[in-house]
Amino acid sequence: MEKIKKIAVMTSGGDAPGMNAAIRSVVRTCAYYSIACAGIYRGYEGLIEGDFIELTARSVNNIINKGGTILKSARSKEFRTKEGRQKAYEHLRKNKIDAMVVIGGDGSFTGAVVFNEEFNFPVIGIPGTIDNDIFGTSHTLGYDTALNTAVEAIDKIRDTASSHNRLFFVEVMGRDAGFIALNAGVGAGAEEILIPEEDLGLDRMLESLKKSRRAGKSSSIVVVAEGDKSGKNVYELAEYVEENLPEYEVRVSVLGHMQRGGSPSCFDRVLASRLGVKSVELLLDGQTNLMVGLKNNEVISTSIAEAIKGGHTINMELLRVSDIMTT
């Protein structure tokens with residue numbers, strides 16, 4: 001591998017709090033090692049169109065605390081074609097870019113692996129997704145912030161639930177992974193938690209709510225991941241409970257995209273800073289096709305292919321804890 005003189009950084013897929021902190025870390029690590037750095041706007045779409053900007057240590061002042069991504073993000077159908085990836089490669093060569101850091105989730109990483117295989121172009125991945133569903137790291141960027149946002153919102157909803165003796169179904173993000181639902185549910189003291197990884201059945205939910213009622217609880221919170229396995233969406237779940245437990249006055253609150261926004265937590269800012277440094281140092285060390293992550297509070301690297309295929313499993317012990325806490 002030739003000596004690396006210029007590294008590009010991009011954010012791809014859904015935005016996540018901490019992406020800006022990671023951009024800042026990559027840029028400043030490049031500056032520290034006297035390497036040039038370029039930002040790619042709008043992910044792979046911008047890569048195909050050559051939408052680049054030179055970034056210096058001063059370019060990333062005052063962004064560590066900002067949510068979203070200053071480099072923007074977009075989906076790219078064209079990058080899925082060989083012709084699109086060829087255009088992307090030509091823009092990288094034209095701009096004298098020797099390596100790339102991709103901040104995103106498994107879709108972004110899949111594109112990075114294919115691109116590396118076709119052009120032998122050095123890439124390192126930084127996991128940025130609020131879902132926390134990537135193998136090879138205990139935490140993805142944005143997960144901690146999204147979790148705290150969800151808990152804060154559920155705490156506020158509980159105030160209203162208690163005031164009106166209501167049952168609230170609160171839907172959080174997580175189409176394929178229940179990390180936010182499970183942890184936010186335990187953290188906010190939810191009476192029931194429904195997640196994609198575990199089909200607990202509607203009968204169990206009804207029984208749990210009856211038990212809460214018998215125990216003297218006048219209000220309840222059920223946290224639902226958007227991809228839970230009950231076969232019903234959150235509004236259908238609410239109707240089902242109203243039909244079967246008419247004593248409950250049921251309301252639905254969908255937290256939606258507010259979980260993605262906002263200033264990143266201290267944890268996400270520190271994690272982004274650590275992962276950004278490691279990603280640049282791996283490239284300078286001649287390594288490629290790796291994703292940086294966190295394990296036992298140590299920064300580690302995993303092959304991107306393994307990170308995509310792997311699968312970050314839910315902590316089933318937390319479900320048991322949740323059951324005990326609803327007693």
Side-chain angles (χ1 to χ4, degrees), residues 13-19 67-68 105-106 127-134 138-162 166-200 202 204-205 208-209 212 219-241 250-265 267-268 311-319 321-323 325-326:
D15 63 294
M19 281 185 163
D106 55 3
T129 166
I130 66 167
D131 290 332
N132 204 43
D133 57 352
I134 294 178
S138 61
H139 290 75
T140 56
L141 290 184
Y143 170 61
D144 184 72
T145 306
L147 200 52
N148 282 294
T149 299
V151 168
E152 189 179 339
I154 295 166
D155 285 346
K156 290 175 179 176
I157 288 166
R158 188 180 284 284
D159 289 345
T160 292
S162 300
R166 284 175 181 158
L167 164 64
F168 265 85
F169 279 86
V170 182
E171 183 186 271
V172 299
M173 282 186 161
R175 190 169 287 110
D176 303 307
F179 290 97
I180 292 176
L182 182 55
N183 284 272
V186 171
E191 278 64 40
E192 195 62 50
I193 302 165
L194 303 179
I195 57 174
E197 292 85 349
E198 189 83 351
D199 185 2
L200 300 174
L202 296 174
R204 178 204 140 108
M205 180 183 68
S208 174
L209 292 172
S212 294
S219 65
S220 291
I221 300 282
V222 178
V223 176
V224 185
E226 59 186 329
D228 95 275
K229 290 289 191 290
S230 66
K232 295 179 182 290
N233 68 37
V234 69
Y235 294 101
E236 291 167 338
L237 282 169
E239 284 175 22
Y240 179 80
V241 169
V250 185
R251 294 288 185 272
V252 171
S253 186
V254 177
L255 298 189
H257 286 80
M258 68 176 286
Q259 294 159 90
R260 275 198 186 165
S263 184
S265 65
F267 181 92
D268 275 329
H312 189 175
T313 54
I314 205 91
N315 182 354
M316 301 310 286
E317 169 69 8
L318 267 184
L319 271 180
V321 168
S322 173
D323 281 347
M325 289 301 104
T326 57

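One-based numbering along the sequence shown.
Here CD of E152 is found 11.0 Å from CG of L255. Values are rounded to the nearest 0.5 Å. The CZ atom of F168 sits 13.0 Å away from atom CD of E191, with the distance rounded to the nearest 0.5 Å. We find the OG-CG distance between S263 and D268 to be 10.0 Å, quoted to the nearest 0.5 Å. One finds the CG atom of D159 at 12.5 Å from the CD1 atom of I154 (value rounded to the nearest 0.5 Å).
No donor-acceptor distance shorter than 3.5 angstrom exists from the side chain of R260 to the backbone of M173, with no hydrogens or angles considered. Of the possible donor and acceptor atoms, none in the side chain of S322 sits under 3.5 Å from a partner among the backbone N and O of L318. No donor-acceptor distance shorter than 3.5 angstrom exists from the side chain of S253 to the backbone of V170, with no hydrogens or angles considered. Side chain of E236 to main chain of N233: a donor-acceptor pair is present (N/O by atom type, distance under 3.5 Å, no hydrogens or angles).
Residue P17 is tested with L141, I130, N148 for a side chain to side chain contact (heavy atoms under 4.5 Å, CB included); the sole match is I130.
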Discussion item. Using the rule given for side chain to side chain contact (heavy atoms under 4.5 Å, CB included), can you reason through I195 versus L319, listing the C-alpha separation, both sets of side-chain angles and the distance that settles it, and then say yes or no?
Written reply: CA-CA 10 Å; I195 57 174; L319 271 180; 4.2 Å; yes

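The two residues V186 and I193 make their nearest non-hydrogen contact at N-CD1, 3.8 Å. Closest non-hydrogen pair, I180 versus L147, comes out as O-CD1, 3.6 Å. Taking each heavy atom of A146 and Q259 in turn, the nearest pair found is CB-O, 3.4 Å. The two residues G18 and P264 come nearest to each other via the heavy atoms N-CB, 3.6 Å. Heavy atoms only, all atoms of each residue included: F179 and Y143 are closest at O-OH, 3.4 Å. Between G105 and I134, the shortest heavy-atom distance links the atoms CA-CD1, 3.7 Å.
The shortest side-chain heavy-atom distance between V241 and M205 falls under the 4.5 Å cut-off. A 4.5 Å side-chain heavy-atom check between Y235 and V254 finds at least one atom pair inside the cut-off. No side-chain heavy atom of V222 sits less than 4.5 Å from a side-chain heavy atom of L237. You'll find the side chain of T140 stays beyond 4.5 Å of the side chain of D131, heavy atoms only.
Aromatic ring orientation, F267 versus H139: tilted (interplanar angle from 30° to 60°).
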